[in-house]
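Data block below; observations after.
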Amino acid sequence: MKVALCKGIGLLEVTDIPPPNIGDGEVLIRVMAASLCGTDLRILDFGHRKIPAGAGRILGHEFSGVIEKVGPGVQGLSAGERVAVAPNMGCGACAECLQGAANLCPEYEALGISLDGAFAELIRLPAKAVLQGNMVKIPGTVSFEEAALNEPFSCVLNGLEACQIQYGDALLIFGAGPIGLMHLMLGRSSGTRKVILTDIVEERLRLAAELGADVVLHSQASDFKKKVLAETDGKGPDVIVTACPVPEVQEWALEMAAVKGRINFFGGLPQNRETIQCRSNLIHYKNLKVTGVTGSSNIQFRRALSLVASKRVDLHRLISHIFEIEQAKEAFEVARRGAGLKVVIKPNPSRR
Ligand SMILES: [Zn+2]
Ligand SMILES: [Zn+2]
């Protein structure tokens with residue numbers, strides 16, 4: 001089978017390898033759509049603590065496909081079924097796992113990180129993933145591409161759940177990339193009165209407006225903060241999400257939030273710029289809730305997929321490029337340039 005193999009730092013190669021064998025309780029999936037994300041680019045550039053130096057790894061953790069084969073002992077699933085897969089598996093026994101947050105398990109395994117991922121014609125799903133409910137059948141109304149994008153969307157759902165949105169809240173989102181735009185889509189269907197998107201790229205702001213942002217603002221404009229205040233009745237946004245890796249933006253969020261505001265630091269910061277200046281009295285006197293999330297739980301993955309199926313959100317709008325697996329290098333280059341939004345690889349383009 002054809003795969004895009006990360007052979008080491010900066011080394012991505014499209015190559016042919018034997019398809020994986022599956023054992024008891026395992027499932028083989030024919031990958032129909034796999035989207036790229038910043039994590040894939042970071043692993044290619046810097047490696048990952050879960051990947052031993054010198055080991056090759058097939059990346060790709062946002063994907064969907066068709067069950068090709070089920071191993072002995074697998075119940076309730078059969079070849080030909082369309083499925084989406086949540087990539088994180090926990091140990092099953094620690095406190096985080098017992099709370100349903102396998103994504104926070106200290107011993108987590110993840111497809112496309114500690115295990116081979118989805119930039120391949122076929123992917124092996126370990127028995128643990130099958131048993132823990134990582135695999136979900138895709139409703140007929142959901143395309144393979146949407147089902148792949150459901151993974152980052154479920155992380156966005158995790159982030160907005162942490163913000164405890166109330167009807168009538170004003171939501172400010174920093175960053176109008178795919179993640180910011182997913183926050184926009186979900187925020188709009190969560191009873192907010194206004195969603196404000198901000199970015200430094202005009203083209204992204206234009207798209208945000210098209211996708212229903214009530215206000216779009218260039219965050220480098222001199223009167224940016226004043227405008228946000230004016231758009232929020234002089235009080236500031238009730239909810240602020242930072243969907244960009246910029247330290248100053250986290251500082252601004254603390255300054256700009258309304259009394260009793262809720263903030264989610266969704267985007268992590270670069271390793272050498274992790275420290276921010278925090279006037280902690282802002283949190284104290286304004287009674288702010290400052291939250292952070294990473295990944296999503298399997299139940300959030302399912303809830304996200306049910307929203308996608310309902311058509312209240314249209315993730316198709318976020319797909320800017322589709323490539324075949326042979327073009328994986330080009331796909332990574334396009335994603336790196338940040339020229340578009342989501343880049344999707346279709347390893348089995350001739351199948352449906
Ligand atoms: Zn991702
Ligand atoms: Zn665990």
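In this chain, numbering begins with 1 at the start of the sequence shown. Excluded from the calculations below are hydrogen atoms, water molecules and symmetry mates; all remaining heavy atoms, backbone and side chain alike, are included. In listed order, ligands and their atoms are each counted from 1.
- The Zn ion (ligand 2) lies at the vertex of an angle of 110° between the SG atom of Cys97 and the SG atom of Cys94 (rounded to 10°).
- The pair Lys226-Glu231 fails the salt-bridge criterion, with no side-chain N (NZ, NE, NH1 or NH2) lying under 4.0 Å from an Asp/Glu carboxylate O.
- Among the atoms of Cys37, an N, O or S atom falls under 2.8 Å of the Zn ion (ligand 1).
- Restricting Glu62 to its N, O or S atoms, the one at the least distance from the Zn ion (ligand 1) is OE2.
- Among Leu111, Leu131, Val27, the single residue meeting the side-chain contact (heavy atoms from CB on, under 4.5 Å) criterion with Pro126 is Leu111.
- Counting backbone and side-chain atoms alike, Asp40 contributes no N/O/S atom closer than 2.8 Å to the Zn ion (ligand 1).
- Remark: Asp233 does not engage Lys194 in a salt bridge, criterion side-chain N to carboxylate O under 4.0 Å.
- Using a 4.0 Å cut-off between charged nitrogen and carboxylate oxygen, Glu255 and Arg279 do not count as a salt-bridge pair.
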